[in-house]
Each structure stands twice: as structure tokens, then as C-alpha cells.
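The next block holds one structure in the form of C-alpha cells; read it before the comments.
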There are 2 protein chains.
Amino acid sequence: MINIKYFFKFAADILLFHGIFMKLTNTSEYALRILTYMAKDPGQLYTAKSLIEKLKISDKYLRRLMTTLSKEGFIYSIQGRDGGYSFKKQPNEIFLADVVNAVEGMDTYAGCVLGFEECSCENPCVMHSTWVKVREEFMSVFTGKTLSDLDFELAKRY
Amino acid sequence: MINIKYFFKFAADILLFHGIFMKLTNTSEYALRILTYMAKDPGQLYTAKSLIEKLKISDKYLRRLMTTLSKEGFIYSIQGRDGGYSFKKQPNEIFLADVVNAVEGMDTYAGCVLGFEECSCENPCVMHSTWVKVREEFMSVFTGKTLSDLDFELAKRY
DNA sequence: TATATATACTACATATATGTGGCAAATACT
DNA sequence: AGTATTTGCCACATATATGTAGTATATATA
Ligand code: SF4
Ligand code: SF4
């Protein structure tokens with residue numbers, strides 16, 4: 001017999017943790033979605049217009065972001081008629097960490113889960129021992145995976 | 001022989017991922033720091049003043065947050081002289097997820113890492129297969145650990 | 001050179017999170 | 001009752017992220 005009250009509590013937790021914390025800023029999301037989408041067919045030249053239509057990202061915001069990604073050296077931008085964007089760095093040389101680092105001010109994120117600036121195993125907060133494993137899993141994905149390591153066969157959306 | 005350029009790149013990644021993404025909002029941080037600090041000695045009555053001094057959190061912001069935590073049923077608030085806050089729910093009944101859920105609008109977080117609203121294994125994004133494991137580790141900590149499950153012996157800071 | 005089609009840039013507009021000031025209300029003590 | 005101490009509330013101030021408008025610049029083609 002299922003206790004309805006706790007079922008809903010549990011369901012709410014699942015919904016909550018499906019997203020909470022694990023969600024990047026819009027800007028990082030956009031950057032990753034754009035670059036992973038481009039990485040599916042890395043040789044192509046992509047116009048802002050085509051990316052906007054495909055990825056449903058706000059026009060001017062995407063364009064600004066593309067300029068950032070260009071200045072950061074991930075892509076070329078070709079101005080004028082028949083212009084667009086294509087990879088400068090190879091997708092297998094672009095780590096997920098690099099992308100996020102490029103579009104967000106790294107200095108914004110000085111601390112860990114509980115916001116302390118100077119953290120170490122020698123000066124731990126109360127969550128440290130429970131948190132370390134998650135943090136390392138997380139780090140290994142974002143520092144270890146490149147744009148070309150992702151599962152393009154599986155993906156049904158960008 | 002160490003390649004200096006890559007050493008610095010690596011160091012930057014470590015710094016980056018020490019914080020990035022894994023950092024909660026200030027509000028959630030505060031809530032967790034306050035409640036974990038109180039959970040170290042759960043029977044005590046804590047004044048806002050003492051919490052502000054100990055945890056270095058902005059006066060009015062902390063007070064507002066305490067009212068929220070009170071309304072959400074985690075703590076009692078006792079007004080007037082000799083007033084303060086103490087636990088209403090037992091710390092071992094308060095999951096980390098509950099705290100974050102209470103102080104942040106859950107509706108803000110509708111999606112997962114790439115921001116999609118309707119996600120499932122049947123409709124995955126390009127990161128899904130690499131991301132699922134991290135997400136589950138993460139979920140198990142926040143839905144599985146209560147305030148009293150944390151390592152109070154180890155902790156040197158709140 | 002004129003035109004169509006691109007990206008680049010700057011400034012402003014809006015939304016949200018975070019922080020602050022001032023005063024009201026509650027309670028214990030004298 | 002009066003005072004000191006404490007929480008509660010509301011409105012505004014500030015910082016940051018996000019989104020929008022308008023214009024300038026670059027390039028291929030006719
Ligand atoms: S979990 Fe560890 S690294 Fe993160 S804030 Fe706490 S002490 Fe610092
Ligand atoms: S990783 Fe999976 S659950 Fe997360 S956004 Fe991608 S498809 Fe959705």
C-alpha cells in the first residue's frame with residue numbers, strides 16, 4: 001500500500017533534482033547547445049539565422065554570444081554575404097569546461113557548494129565528506145569530455 | 001619536465017571546477033549554513049544576532065530567511081526579549097533537498113544541465129549519457145542526506 | 001557602384017537575486 | 001507602565017543576468 005502523501009513528496013523531490021543545481025546559466029547552456037550542435041557536423045558553415053531557428057535562442061543574444069565564442073578562439077566568424085561561423089579549434093580539442101569558462105566570468109564562482117572561498121581538505125565544511133565524491137564525478141565530466149565525445153547518435157534534441 | 005602552459009591550464013580548470021556549477025545560490029547556501037550550524041547543537045535557542053556574528057551573513061537578509069524557514073516549518077521563532085529560533089522538525093527529518101526547495105522557487109528550475117524542460121531517457125540531449133551518472137550521484141546526496149547525517153566532527157567552518 | 005545579406009557594436013530595457021533602512025509587534029524584566 | 005531586546009514586515013536600493021533596438025561594418029554578386 002502506497003502512502004499518497006509521501007509518494008507526492010518523493011515525486012516532488014525527483015522533479016526538483018531533475019533540474020535544481022544541475023542547471024547551468026542560460027548563457028552557458030546556449031554556448032554548449034550551439035557548439036554541440038555545430039560539432040555534429042563540424043566542417044559546415046553556420047549562419048546566426050540558422051542557429052537561431054534550429055536552437056530557438058533569442059536573436060541578438062545569440063549573436064553576441066557568437067562574437068564571444070569567436071573572440072575566445074573556438075570559432076571563426078566570417079562577415080558579409082555568405083558569412084557565418086565555423087570551428088577554428090577542432091571539436092575534440094574543446095573541453096566542456098573551456099566553453100563554460102569562456103562565457104561566464106570565472107571570478108563569479110569563487111567557492112564550492114557552501115560558498116566558501118578558501119576550501120581544502122584541511123579546512124572542510126560540514127558537507128565536505130559527503131560532497132567530495134559528487135564534485136569529482138562532476139569535474140571529471142566537464143574537464144574530461146570534449147565536444148566530440150558526446151553521444152550524437154543518441155541525441156534527439158539540441 | 002612540466003609544460004608550464006598546460007600546468008596553468010590545468011590549475012585554472014581545478015579552480016574553475018572547485019566552484020563552478022557546484023555552487024548554490026547565496027540564499028540556499030545561507031539556509032544550509034544556518035541550519036547545519038544549528039544542527040550541531042539542535043536543542044539550543046539561537047538568536048539572529050548570534051547567527052549573524054558566527055556565520056557572517058547580512059543582517060536583514062538572514063532575518064528574512066529565518067522567517068521563511070520558520071514559515072516552512074523547519075524552525076520555531078520566538079519573538080520578544082529572550083526570543084530566537086530553534087528546531088521544530090528534528091534535524092534527522094530535514095533533507096538537504098527540503099531546505100533548498102523551501103528557500104528557492106522550485107519553478108525556476110524546470111530543466112536539466114542543458115535547460116530542456118521535458119527531459120527523459122526517451123528524448124535525450126547530446127550530454128545525456130555522460131551526464132546521467134553525475135546527476136544521480138548528486139541526487140542521492142541531496143535527497144538522501146539529512147541535516148544530522150553531516151560530518152560535524154570533521155567540520156572546521158560553517 | 002549598388003544591393004542584398006551577413007556579422008559587430010553600443011546602449012538601453014527587463015527580470016531576478018541580493019542587500020538595506022525604517023518601523024511595527026511581541027515579550028521579559030524592572 | 002516603561003524600557004530593552006528580540007523577531008516581522010514592507011518598501012526601496014543595488015548588482016547581475018538576460019533580452020532588445022538601432023546602427024555600423026564587411027562581403028559577394030550583379
Ligand atoms: S564541500 Fe569541501 S570544498 Fe566544498 S565548500 Fe565544503 S569544505 Fe569547501
Ligand atoms: S542530460 Fe538528459 S535529462 Fe539532462 S538535459 Fe540532457 S537529456 Fe535532459
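So that the names make sense, note that chain A is the first sequence line, chain B the second, and so on, each numbered from 1.
Taking every side-chain heavy atom of Lys49(B) into account, dT6(D) is the closest of dT25(D), dT6(D), dG8(D). With distances taken from any side-chain atom of Gln79(B) to the nucleotides dA26(D), dA26(C), dC29(C), the minimum falls on dA26(C). Closest approach to the Thr67(B) side chain among dA8(C), dG8(D), dG19(C) is made by dG8(D) (side chain taken as heavy atoms from C-beta onward). Distance from the side chain of Lys60(A) is smallest for dA21(D) among the nucleotides dC9(D), dA21(D), dG19(D). Nearest to the side chain of Arg63(B), among dT7(D), dA28(D), dT18(C), sits dT7(D).
Between the CG atom of Leu65(B) and the C1' atom of dG8(D) there is a distance of 14 Å, rounded to whole Å. Between the CE atom of Met66(A) and the C1' atom of dC9(C) there is a distance of 16 Å, rounded to whole Å. Taking atom CD1 of Ile52(A) as the reference point, atom P of dT18(D) lies 17 Å away to the nearest angstrom.
The side chain of Tyr85(A) places an N or O atom within less than 4.0 Å of a non-bridging phosphate oxygen (OP1 or OP2) of dA8(C). OP1 or OP2 of dT18(D) has at least one side-chain nitrogen or oxygen of Thr27(A) nearer than 4.0 Å. At dT7(C), none of the side-chain N or O atoms of Ser77(A) fall inside 4.0 Å of OP1 or OP2 (strictly under the cut-off).
Between Arg81(B) and Arg64(A), the residue anchored closer to the 5' end of DNA chain C is Arg64(A), taking for each the nucleotide with the nearest heavy atom. Looking at which nucleotide of DNA chain D each of Gly80(A) and Ser58(A) is closest to, the 5′-most match is held by Ser58(A).
The closest side-chain heavy-atom distance from Leu147(B) to Asn92(B) is not below 4.5 Å. Lys156(B) has its side chain within reach of Pro124(A): a pair of non-hydrogen atoms, C-beta onward, lies under 4.5 Å apart.
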